[in-house]
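To start, the structure under review is shown below, and the notes come after it.
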Amino acid sequence: MEVHEDSSSVILPDGELGTTTPSLRFSKTCLKNVFSVILLFIYLLLMAVAVFLVYQTISDFREKLKHPVMSVTYKEVSLYDAPGIAFYPGKARLLSCKHHYYDHIPPLINPGQPGDIECTTQRINYTDPFTNQTMKYALVVQGPRDVKKRELVFLQFHLNETDQDFSAIDYLLFSSFQEFVSSPEKAKFMKDCESSYSSWKFSGGFRTWVKMSLVKTKEEDGSETVEFKQETSVVNYIDQRTKPGSDQLFFVVFEWKDPFIQTVQDIITANPWNMIALLCGIFLALFKAADFAKLSVKWMIKIRRRHLKRTRQVTNHIS
């Protein structure tokens, strides 16, 4: 008599169902899925931060292009290119002009009387650049050069009569006396200087001391403009002549303030190569994050399929 065993009552060994129970395997799979989802959200957050950094970097670069920073550099020299000093004396007359050194100006022997004119001077007439009708008379004098020896130029003017309550002489400074001398059209040269440079005054009855400094400005198109800055000090002149009449005396000194030429230019602080390197790093991080998110999704799908497959196997074994 054969005994038949019911298949439903057969107890399968543990080796056929795996080493772990279905509930324990399910809990591990659930934890892995939760961990994968958390990692995915973290990398999505990192991608959002990377996108924000790209936007911020491009915005900062465009802002720096619109607002360049002014750069100031100083170049020390021992000799300047002798500037030109253009005087507009009107009815006044140049009495004396001398170059002195080391800030030493000897006292005048005969103030108000013609003396030595040791400066290089030129006289020129030209039409006013703003009206083109009025003729102007200018006396152009070569300025100081040797800044180490503190070279200065001392000039004395005399005005015999004046119908004004005060008297003054106009002057302007331009960068190179040699350019004026070598210019084929000196009248045009002076008109251009008067249009480009500022003019100042020094008054009669005083000793006016002018200390000059040179500023070069580099424009965006590559051109360079030159201007002068000056510090002026005025000291009252006590006229000790035996018979000081109604005439006016003018005394003026020109000297370099320091041996530094100031150069001003606009620079753009935004470096395109730095921005490109930063963007490359950000985009690389974006691609890496996207690749990791893709792999995470595939891994989750794979784990899900494996879990379903094991569930079906268990079900088939049980059945």
Side-chain angles (χ1 to χ4, degrees), residues 70-89 94-108 115-122 124 138-157 168-183 186 189-190 192-203 206-219 223-237 250-265:
M70 182 178 293
S71 172
V72 180
T73 57
Y74 293 90
K75 179 183 178 181
E76 186 176 3
V77 295
S78 57
L79 290 175
Y80 280 91
D81 188 8
I85 310 171
F87 296 96
Y88 301 92
L94 177 65
L95 294 180
S96 63
C97 178
K98 289 186 178 182
H99 290 255
H100 299 280
Y101 295 89
Y102 299 108
D103 262 1
H104 176 67
I105 302 177
L108 292 171
D116 296 330
I117 300 178
E118 300 175 355
C119 305
T120 304
T121 62
Q122 286 203 15
I124 184 171
L139 173 66
V140 184
V141 179
Q142 180 177 344
R145 294 185 67 245
D146 198 337
V147 68
K148 281 192 172 181
K149 295 182 179 180
R150 302 179 70 177
E151 178 186 359
L152 54 86
V153 179
F154 176 59
L155 301 101
Q156 178 189 185
F157 289 86
I169 293 177
D170 295 336
Y171 69 94
L172 66 83
L173 304 170
F174 56 90
S175 58
S176 175
F177 180 79
Q178 186 59 39
E179 287 184 8
F180 166 75
V181 173
S182 59
S183 175
K186 293 183 174 58
F189 183 90
M190 287 306 303
D192 293 339
C193 286
E194 188 172 351
S195 302
S196 303
Y197 296 97
S198 300
S199 61
W200 295 276
K201 295 178 183 287
F202 64 97
S203 300
F206 295 92
R207 286 198 177 196
T208 305
W209 199 295
V210 179
K211 291 191 175 182
M212 307 172 292
S213 58
L214 194 63
V215 180
K216 295 182 179 180
T217 304
K218 292 184 179 180
E219 306 294 341
S223 61
E224 188 176 79
T225 59
V226 179
E227 64 176 330
F228 286 86
K229 290 184 178 180
Q230 64 175 32
E231 295 180 1
T232 305
S233 57
V234 179
V235 180
N236 187 26
Y237 170 71
F250 301 80
F251 307 96
V252 62
V253 177
F254 289 91
E255 181 189 11
W256 287 108
K257 178 184 175 183
D258 50 45
F260 297 99
I261 297 177
Q262 180 179 341
T263 303
V264 180
Q265 62 179 344

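If you're wondering where the values come from, they're calculated on a predicted model, not measured in any experiment.
Under the side chain to side chain donor-acceptor pair (under 3.5 Å) criterion, Y88 pairs with Y126, not counting sequence neighbours. A search for side-chain contact (heavy atoms from CB on, under 4.5 Å) contacts involving S78 returns K148, not counting sequence neighbours. Y74 is linked by a side-chain contact (heavy atoms from CB on, under 4.5 Å) to V72, F260, Q262, counting only residues two or more places apart in sequence or in another chain. Evaluation of the salt bridge (charged side-chain N to carboxylate O under 4.0 Å, His left out) rule for K75 yields no partner, not counting sequence neighbours. For D103, the side chain to side chain donor-acceptor pair (under 3.5 Å) partners two or more places apart in sequence, or in a different chain, are R150. Applying the ring pair (Phe, Tyr, Trp, His ring centres under 6.0 Å) rule to Y80 yields the partners W256; only residues at least two apart in sequence or on another chain are considered. A search for side chain to side chain donor-acceptor pair (under 3.5 Å) contacts involving H99 returns E151, not counting sequence neighbours. D146 pairs by the salt bridge (charged side-chain N to carboxylate O under 4.0 Å, His left out) definition with nothing, not counting sequence neighbours. Looking at residues two or more places apart in sequence or on another chain, you find no side chain to side chain donor-acceptor pair (under 3.5 Å) involving E224. The ring pair (Phe, Tyr, Trp, His ring centres under 6.0 Å) search around F154 returns none, not counting sequence neighbours. With sequence neighbours excluded, the residues satisfying salt bridge (charged side-chain N to carboxylate O under 4.0 Å, His left out) with K201 are D170. For S183, the side-chain contact (heavy atoms from CB on, under 4.5 Å) test picks out F189, with sequence neighbours left out.
F174 is not listed as a side-chain neighbour of E179, based on a closest heavy-atom distance of 4.5 Å or more. Put simply, the side chain of K218 reaches to within 4.5 Å of the side chain of T263, judged on heavy atoms. Counting heavy atoms from C-beta on, the side chains of S175 and Y197 come closer than 4.5 Å. Side-chain contact between D81 and S176 is present, with at least one heavy-atom pair separated by less than 4.5 Å. Taking the side chain as every heavy atom from C-beta outward, W200 and V210 never approach each other to under 4.5 Å. Within the 4.5 Å cutoff, the side chain of S198 has no heavy atoms near those of the E227 side chain. Here the side chains of V234 and S203 are not in contact, with every heavy-atom distance at 4.5 Å or above. Within the 4.5 Å cutoff, side-chain heavy atoms of F177 are placed close to those of V140.
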side-chain contact (heavy atoms from CB on, under 4.5 Å) between F87 and L155, intermediate numbers included: CA-CA 11 Å; F87 296 96; L155 301 101; 3.8 Å; yes

From CA spacing to verdict: side-chain contact (heavy atoms from CB on, under 4.5 Å), V252, Y171: CA-CA 11 Å; V252 62; Y171 69 94; 5.5 Å; no

Criterion side-chain contact (heavy atoms from CB on, under 4.5 Å) on F157 and L139, from CA distance to verdict: CA-CA 12 Å; F157 289 86; L139 173 66; 4.2 Å; yes

Stepwise side-chain contact (heavy atoms from CB on, under 4.5 Å) test for W209 and L152: CA-CA 10 Å; W209 199 295; L152 54 86; 3.8 Å; yes

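Classification of the F202-F250 ring pair by plane angle, with boundaries at 30° and 60°, yields perpendicular.
Taking the centre and axis of the six-membered ring of F251, the NZ or CZ atom of R207 falls inside the cone set by 45° and 6.0 Å.
A donor-acceptor pair under 3.5 Å links the side-chain atoms of K186 to the main chain of V181, judged by distance alone. Between the side chain of S213 and the backbone N or O of K229, at least one donor-acceptor pair lies under 3.5 Å.
Between G143 and I85, the shortest heavy-atom distance links the atoms CA-CD1, 4.0 Å. Residues V153 and C97 come closest through the heavy atom pair CG1-SG, 3.8 Å. The two residues C119 and K98 have their closest heavy-atom pair at SG-N, 3.6 Å.
In this structure, CG on L214 lies 12.5 Å from NZ on K257, to the nearest 0.5 angstrom. Annotation: the span from Q230 atom CD to M212 atom CE amounts to 9.0 Å, rounded to 0.5 Å.
Among the candidates T225, I261, V264, the single residue satisfying the side-chain contact (heavy atoms from CB on, under 4.5 Å) test with K216 is I261.
When only modelled atom types and interatomic distance are considered, S96 and Q156 share a side-chain donor-acceptor pair under 3.5 Å.
Under the 6.0 Å cut-off for aromatic ring centres, F228 and F254 do not qualify, their centroids lying 6.0 Å or more apart.
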